[in-house]
Amino acid sequence: MKEKQVKISLSHVAKAFGKKQVLKDVNLDVYDGESVVIIGGSGTGKSVTLKCLLGLVTPDKGTAKMTTDNIGMLFQGAALFDSLTVWENVAFVMLQKKHPNRAAAKKLAIQKLAQVGLKPEVADAYPADLSGGMKKRVGLARAIATNPEIIFFDEPTTGLDPIMSDVINDLIVDCVKKLGATALTITHDMNSARKIADRIAMLYNGEIIWVGTVDELDKTKNPYVRQFVAGSAKGPIQMEVKAE
Amino acid sequence: MQNQFFSFINALGRFVISFFRASGDLILFTAQILLCIFKAPFYIGETIRMSIEIGFYSLPVVALTTVFSGMVIAIQTYEAVSKFSAEGAVSMVVLVAVTRELAPVMAALMVAGRIGAAIAAEIGTMRVTEQIDALSTLHTNPVQYLIVPRVVAGTLMMPLLVLIGDIIGVCGGYLVGVTKMDFNATTYLVNTWNTLKAMDIISGMTKAAVFGFIITVLGCYQGFKSRGGAQGVGQATTNAVVSSSILILIFNYLLTELFFKM
């Protein structure tokens, strides 16, 4: 059987901000066509890990590599450009490259919007006119607009109600499957992780401490993972609470 | 007592380090902008949009500032020179004061408040809502797309604004001279024309270009580096206006020395 190609590779990645060592030694490979979800509590460095991969943060040590620069990204708050209409947001890359022309780019943007369940009427609206769920959908349409080989999802369901979260999860699974893309998601929403992931990795104390499938997640004896999945305050993970 | 001394030295050391760190950061940021100005792609549409925003929409505030500055200078000069029966110097002083100093400095301070603050707030909001990170993931250099059009527009539009401000400021002095001081209108205009030197206009417009560059670079820098939420953006906006106003005054002195050193 042919071995799958590694699309995303994190090798001994370390990053500190001032005295705070956020990432100590992060190691993770994501294979072609695979959907991996990194779970972990708030402040454990999930976003920093993602930013290292995107080149927005330079690791102090180690390497964060991807095999392609044809990527898409769904940001936590969607990060839509306020001054552009919805379709201009979705077709941003096409408009910058001036290929295809504006009319064709708009048509393609409307197709992508339909793919995430949005009607053509939304195309000419501005991001400020949209609800949180609609913004996420537009963000997703923008992320898949260039048919990327790798898609990143940063807390895709944060701030959404449970039903809309499920809708977004379904859309993510659907879009990733249709594109045959490799996906890396960071979240602390376990429902989302279970739905999206082929494999789940847990980040704790600046390191990936556990990697496994969704089935293995329920059977693991790892006390950190068990506590996180159970959402319990009791266990080895102690939340930092500043008293001052 | 000893503890107080050490804590003072500590605080002073922190201030000096943070000052040099921020200065170095700003120099690197400016170098990055200068490199990007001459590198494709060029966002012409965005540059035109910003030129209209900075140039056209700042016109009313610059016109008001310079017309009243010209009027005030005419009154004050008249008060001073009439004691020596040198009323004829009013038109000359108005012209020199407006073209060399008042129009560039007043226009720059107004634009710093209007445009510098707006740029810092807009880019700061884009920073804290991850829109700048989003640009990077969409194969777009944020400096080229966001910063360069603003800096180019600011640097090119400010001299034009000041040229118009020069004309309006001199007109302000003329209005007061003719209506309040009973100067002959033709004589006032002829005196003004005869006093006019190309260097007065060129120095004012050169200053304006430098001020436009300072305002937009500092607005962009403060916005680009802003952190946190609304408070961070508010702080960036304040810093942009304060720092650019101070630098405008410092550079005004340096450029005056350069142009008119005796």
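We name chains A, B, ... by the order of the sequence lines, and we start the count at 1 in each one. Here the structure is a predicted model, which means the values were calculated and not measured.
Judged by distance alone, with hydrogens and angles left aside, the side-chain atoms of A/Thr63 form no donor-acceptor pair with the main-chain N or O of A/Lys65 at under 3.5 Å. Checked by atom type and distance alone, the side chain of A/Asn89 pairs as donor or acceptor with a backbone atom of A/Phe81 at under 3.5 Å. Under a 3.5 Å cut-off, the side chain of A/Lys24 and the backbone N or O of A/Ala14 do not form any donor-acceptor pair. When atom types are taken as modelled, the side chain of A/Asp198 and the backbone of A/Val36 share no donor-acceptor pair closer than 3.5 angstrom.
No side-chain heavy atom of B/Thr30 sits less than 4.5 Å from a side-chain heavy atom of B/Ile27. No side-chain heavy atom of A/Val6 sits less than 4.5 Å from a side-chain heavy atom of A/Thr67. Put simply, the side chain of A/Thr185 reaches to within 4.5 Å of the side chain of A/Pro156, judged on heavy atoms. With a 4.5 Å cut-off on side-chain heavy atoms, A/Asn27 and A/Leu10 do not count as touching. Side-chain contact between B/Thr47 and B/Phe42 is absent, with no heavy atoms from C-beta onward closer than 4.5 Å. No side-chain heavy atom of A/Leu113 sits under 4.5 Å from any side-chain heavy atom of A/Pro120.
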query: Is there a salt bridge (Lys or Arg N to Asp or Glu O under 4.0 Å) between B/Arg150 and B/Glu46 once you walk through the steps?
result: CA-CA 8 Å; B/Arg150 284 162 174 78; B/Glu46 190 66 7; 3.7 Å; yes
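Contact check on B/Lys207 versus B/Glu101 returns a salt bridge, with a Lys/Arg side-chain nitrogen under 4.0 Å from an Asp/Glu carboxylate oxygen. Taking a cutoff of 4.0 Å between a charged side-chain nitrogen and a carboxylate oxygen, A/Lys7 and A/Asp29 do not qualify as a salt bridge.
Under the ring pair (Phe, Tyr, Trp, His ring centres under 6.0 Å) criterion, B/Phe29 pairs with B/Tyr221, B/Phe224, sequence neighbours left out.
For residues 55-68 of chain B, heavy-atom neighbours of chain A at less than 4.5 Å comprise no residues at all. When the heavy atoms of residues 112-125 of chain B are compared with those of chain A, none of the residues falls under 4.5 Å. Interface with chain B: from residues 124-153 of chain A, residues A/Arg142 qualify, criterion being any non-hydrogen pair under 4.5 Å.
Using a 4.5 Å cut-off between heavy atoms, B/Leu135 contacts chain A through both its backbone and its side chain. With a 4.5 angstrom heavy-atom cutoff, B/Thr140 touches chain A only via side-chain atoms. If you measure heavy-atom distances from A/Lys97 to chain B, you find no contacts under 4.5 Å at all. With a 4.5 Å cut-off on non-hydrogen atoms, A/Phe92 touches chain B through its side chain but not through its backbone.
With respect to chain A, the highest number of heavy-atom pairs below 4.5 Å among B/Thr129, B/Asp133, B/Ile132 belongs to B/Asp133. Counting heavy-atom pairs closer than 4.5 Å to chain B, the top-ranked of the candidates A/Asp154, A/Asp82, A/Ile71 is A/Asp82. Between chain A and the options B/Gln131, B/His139, B/Glu130, heavy-atom pairs under 4.5 Å are most frequent for B/Gln131.
Put simply, CD on A/Gln96 and CD on B/Gln144 are 10.5 Å apart, with the number rounded to the nearest 0.5 Å.
Side chain to side chain, B/Asp166 and B/Thr99 fail the donor-acceptor criterion of an N or O pair below 3.5 Å.
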